[in-house]
Amino acid sequence: MKKTAKPNFPIHEILESRWSPRAFDGKNIETEKLQRILEAARWAPSASNEQPWYFIVGRQGDETYQKIFETLVEFNQLWAKTAPVLMLAIGKKTSNKTGNNNDWFQYDVGQAVAYLTFQASFEGLFVHQMGGFDAKKATELFNIPGDYEALTAVAIGNQGDYRLLHPNLQKLELTERVRKNTGEFVFSNKFGEKSALI
Ligand SMILES: Cc1cc2nc3c(=O)[nH]c(=O)nc-3n(C[C@H](O)[C@H](O)[C@H](O)COP(=O)(O)O)c2cc1C
C-alpha cells in the first residue's frame, strides 16, 4: 500500500513516498541499513554544531527494545509491536561549549530525526515518530541524565500488511494524507501576508 504525497510542485521521490505507517512486517532491518540511517542523522545541521541528539536503539528481541516498548502509550503499543526497531530520540538541553541552555536543542533533534527518516525512506524503510510515550519512565529506565530530555520514540521497519492491524487502526491507515496549502504558511512583508511566490 502506498500513501504518496500529492504535491502541488514536484518534490524528491523519497519525500513523496515517505509516510508514517502503523503496519510493519516485523522483518529485521539489516545492520548496515541501520548504520546508514544513523549516519544520516549525524550529518544534520545544528545550532553552533552542538549536535544535541542522542539515540537509544532497540532491536526486536533485545532488552532495550522491550524497555522502549514499555514507555509507549497503549495506543502506540497496539501497532508499534511489529516494528523491528524502536528508538528513543533524546536531546541535550545545555550547550557543550558554554553550559548555558541550548534554545535550539529540540529543533536540532527534530532535524536529525528528519535526516534519518529521509535516509530510511531512501533505503525503502518507513519511520513512525511517536510523542505518545512516557518520557519520565524512559528517563528512569535508561538513566538519562538531568540535562538531557527524551523527546520522542521512533519506530522503523519495512511496511507490513495493514489488514493485520486492529480494525480501528486499519481505518487510519487508509485515510488520505492531508496538508495545509503552502500559501497558508509562506509569507512576505509581514506574518500572515501571502507571498507572491505561491
Ligand atoms: C513529533 C511527532 C509525534 C508523533 N506522535 C505520534 C504518536 O504518538 N502516535 C502516532 O500514531 N503517530 C504519531 N505521529 C505521526 C503523525 O501523526 C504523522 O506524522 C502525521 O499525521 C502526518 O502523517 P505522515 O507522516 O504519514 O505524513 C507523530 C509525529 C511526530 C513528528
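These numbers come from a predicted model, not from an experiment. Below, all heavy atoms of this structure are taken into account, side chains as well, without hydrogens, waters or symmetry copies. Every number for a ligand or one of its atoms is a count from 1 in the order of the listing.
- Closer than 4.0 Å to atom 25 (O) of ligand 1 lies at least one heavy atom of the protein.
- A donor-acceptor contact closer than 3.5 angstrom is absent between the side chains of Arg18 and Thr4.
- Near Trp19, the atoms of ligand 1 lying under 4.0 angstrom from a non-hydrogen atom of the residue are 26 (O).
- From the protein, the heavy atom lying nearest to atom 28 (C) of ligand 1 is Gln129 O, 3.1 Å.
- Counting atoms of ligand 1 from 1 in the listed order, those under 4.0 Å from a heavy atom of Arg22 are 10 (C), 11 (O), 12 (N).
- Residue Arg179 touches ligand 1 through its side chain alone, judged by heavy-atom distances below 4.0 Å.
- Residue Gly132 approaches ligand 1 through these ligand atoms, each under 4.0 Å from one of its heavy atoms: 8 (O).
- Using bins of under 30°, 30° to 60° and over 60° for the plane-to-plane angle, the ring pair Phe191/Phe187 lands in the perpendicular bin.
- Residues Thr94 and Asp147 bring a donor and an acceptor atom of their side chains to less than 3.5 Å of each other.
- Atom CD of Glu193 has more than 12 heavy atoms from other residues, nucleotides or ligands within 6.0 Å.
- With respect to atom 16 (C) of ligand 1, the closest heavy atom belonging to the protein is His128 NE2, 4.6 Å.
- Among all non-hydrogen protein atoms, the one lying nearest atom 1 (C) of ligand 1 is Thr152 CG2, 3.9 Å.
- Gln106 and Asp108 form no side-chain donor-acceptor contact under 3.5 Å, judged by distance and modelled atom types alone.
- Glu39 and Gln35 are not linked by any side-chain donor-acceptor pair at a separation below 3.5 angstrom, with hydrogens and angles left out of the test.
- A side-chain donor from one of Ser95 and Glu50 sits under 3.5 Å from a side-chain acceptor of the other.
- Protein non-hydrogen atoms do not reach within 4.0 Å of atom 21 (O) of ligand 1.
- With respect to Ile90, the side chain to side chain contact (heavy atoms under 4.5 Å, CB included) criterion is satisfied by exactly one of Ile144, Val109, Thr139: Ile144.
- Nearest protein heavy-atom contact of atom 9 (N) of ligand 1 is Asn76 OD1, 2.8 Å.
- Glu173 contributes no side-chain N or O that, together with a main-chain N or O of Pro21, makes up a donor-acceptor pair within less than 3.5 Å.
- Of the N or O atoms in Phe75, none lie within a sub-3.5 Å distance of an N or O in ligand 1.
- Ranking the protein heavy atoms by distance from atom 19 (O) of ligand 1 puts Ser20 OG, 3.4 Å first.
- In this structure, the protein non-hydrogen atom closest to atom 5 (N) of ligand 1 is Gly131 N, 2.8 Å.
- Any N or O atom pair closer than 3.5 Å counts here, and Arg177 shares at least one such pair with ligand 1.
- In this structure, atom 3 (C) of ligand 1 has protein heavy atoms in its sub-4.0 angstrom surroundings.
- The side-chain tip of Lys67 points at the ring of Phe142 from less than 6.0 angstrom away and within 45° of straight on.
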